[in-house]
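To find a chain, count down the sequence lines: A is the first, B the second, and so on, and within it residues start at 1.
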Protein chains: 2
Amino acid sequence: MGTDSPSSLAAMTPIARRPLHEAAIDRLRDLIVQGELPPGSRLNERVLAGQLAISRTPLREAFKLLAAEGLVDLLPNRGAIVAPVDAVRIGETMAVMGALEALIGELACANASDGSIAEIRALHFEMRAAHARRDLAAYFRHNQAIHLKLAEAAGNAVLALTYRQLNANVRRVRYMANLSPERWDAAVHEHDAILAALAARDGARLKALLSDHLAHKTASVLAALTEGLVKAAA
Amino acid sequence: MGTDSPSSLAAMTPIARRPLHEAAIDRLRDLIVQGELPPGSRLNERVLAGQLAISRTPLREAFKLLAAEGLVDLLPNRGAIVAPVDAVRIGETMAVMGALEALIGELACANASDGSIAEIRALHFEMRAAHARRDLAAYFRHNQAIHLKLAEAAGNAVLALTYRQLNANVRRVRYMANLSPERWDAAVHEHDAILAALAARDGARLKALLSDHLAHKTASVLAALTEGLVKAAA
DNA sequence: TTTTTGTATTCTGCATGCAAGTTGTAAAGG
DNA sequence: CCTTTACAACTTGCATGCAGAATACAAAAA
């Protein structure tokens with residue numbers, strides 16, 4: 001099939017349609033989200049630039065971007081730190097996400113293409129596979145993918161983007177602590193119901209299910225957060 | 001305690017606790033929001049840096065920030081342009097704002113301090129004064145202030161910030177076209193009801209009123225937008 | 001020992017220089 | 001006359017250099 005010019009394979013950069021060292025800032029974002037750069041840690045421009053093998057200038061631009069996403073805080077004349085994760089802020093973020101998910105539920109049922117629903121169903125079963133294997137990392141990954149795909153399926157780009165940004169901030173906490181087995185099982189069952197409502201295009205029901213699901217997730221996340229803080233203090 | 005040397009009053013910069021040329025990027029934001037830099041126009045780094053009397057480096061950082069706010073689009077290797085204002089995107093943004101305003105209404109009724117409500121009432125009457133004088137600019141200003149203050153009064157910082165960013169994008173359209181007298185009068189009456197519901201802390205009612213208000217505003221904005229586009233095409 | 005003050009180091013914030021990429025133009029070919 | 005291609009001017013993206021601010025540290029005074 002896709003035999004692209006076998007002659008000159010010189011300037012072929014198949015992946016990077018993006019020109020700059022933007023890959024490096026994505027890597028930085030991952031470092032923050034995955035907690036390898038813990039909340040509150042200072043981000044020394046020179047050191048980080050060295051580690052990411054880029055210069056200070058694009059790194060500073062990355063700081064600005066990540067600050068807008070809420071992942072880092074900019075301290076005037078004192079550089080950047082990884083945004084602290086406090087329970088208040090996380091709770092506030094989850095509340096906003098709840099409002100957005102309600103809208104996502106309605107719009108997704110109204111606008112999602114059959115293909116999108118099929119894709120979400122596929123992700124759902126991959127997630128269930130991860131659950132069956134007790135593979136927490138894969139579970140989280142597929143879980144995230146489902147919610148993001150759902151946000152996209154609503155057919156509102158602004159909504160999807162906003163949801164995605166808020167989600168990045170919450171995601172950090174999930175990496176910080178595990179899930180109780182009971183909560184895990186319950187979450188999977190909730191996802192079963194969510195998928196069913198989406199497939200039936202029952203907007204009102206999906207909205208309610210997502211709302212409950214998020215409320216549970218909020219409690220779980222906040223519990224993980226306080227536990228994590230205790231752990232950090234110990 | 002805080003007796004700071006009354007002797008040397010040299011380095012006193014009372015206003016600017018912010019260190020950098022951030023004032024310049026605020027100015028750039030205003031230029032975009034107020035439409036002096038029309039949607040779609042290219043942002044040449046060198047000339048803009050000259051106009052704002054700053055260097056290219058902080059300007060580029062500003063671009064990144066404004067891109068995250070959705071006010072400019074970054075074209076790889078081709079610089080930045082003022083984000084085009086298309087009806088689809090504005091409609092999507094308004095839909096998200098609707099979801100947020102519903103939450104704002106609930107939370108504001110539950111959490112707003114009496115002082116906040118008093119301040120909103122004051123702004124309300126200033127807005128009515130502007131309406132009485134047919135001072136459209138002042139009306140818009142106070143109207144914005146009310147909605148932003150309401151968002152703050154909800155007591156959820158993330159909610160207020162998210163709302164504010166989405167609002168910046170819509171605000172550009174309002175500068176592009178006037179308001180029909182009937183719509184203007186109706187909007188003022190809607191605001192009367194909104195204030196009353198807030199004062200009574202009737203969350204459900206406020207939520208419904210804000211929802212209706214936003215629906216009307218959406219129609220008005222989209223009408224203004226198409227009109228503006230026609231005007232631009234002519 | 002504790003507090004204060006002066007100094008040195010480190011870091012940020014910004015300006016500028018250079019290479020790669022893009023766009024506009026004009027000449028050559030069809 | 002239209003299309004294609006080579007070239008030139010410009011623009012972005014990035015690296016680096018320099019000045020000002022903030023912090024750390026040490027010495028001196030209480």
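- Going from atom CZ of A:R56 over to atom C1' of D:dG13 covers 16 Å, rounded to whole Å.
- Using a 4.0 Å heavy-atom criterion, one finds that A:L43 contacts the sugar-phosphate atoms exclusively.
- Within the 4.0 Å cut-off from OP1 or OP2 of D:dT11, at least one side-chain nitrogen or oxygen of B:N44 is found.
- As rounded to whole Å, 15 Å separates atom C1' of D:dA15 from atom CG of A:L52.
- Taking atom CD on B:E45 and atom P on C:dT16, their separation rounds to 14 Å, with Å as the unit.
- Not less than 6.0 angstrom separates the ring centroid of A:H142 from the ring centroid of A:H191.
- As rounded to whole Å, 12 Å separates atom P of C:dT12 from atom CD of B:E61.
- In this structure, CD1 of B:I54 is placed 8 Å from P of C:dC14, rounded to the nearest angstrom.
- In terms of heavy-atom proximity, B:I104 sits nearest to B:L150 at CG2-O, 3.7 Å.
- Between B:H147 and B:M97 the shortest side-chain heavy-atom distance does not fall below 4.5 Å.
- Comparing atom distances between the A:T57 side chain and each of C:dT22, C:dC11, D:dA15 picks out D:dA15 as nearest.
- Whole-Å rounding puts the A:L59 CG to C:dT12 P distance at 9 Å.
- Here the C1' atom of nucleotide D:dC18 and the CZ atom of A:R46 are 11 Å apart, to the nearest Å.
- Between A:S55 and A:R78, it is A:S55 whose nearest contact on DNA chain D lies nearer the 5' terminus.
- With sequence neighbours excluded, no residue satisfies salt bridge (Lys or Arg N to Asp or Glu O under 4.0 Å) with B:E126.
- The CZ-C1' distance, from A:R60 to D:dG13, rounds to 16 Å in whole Å.
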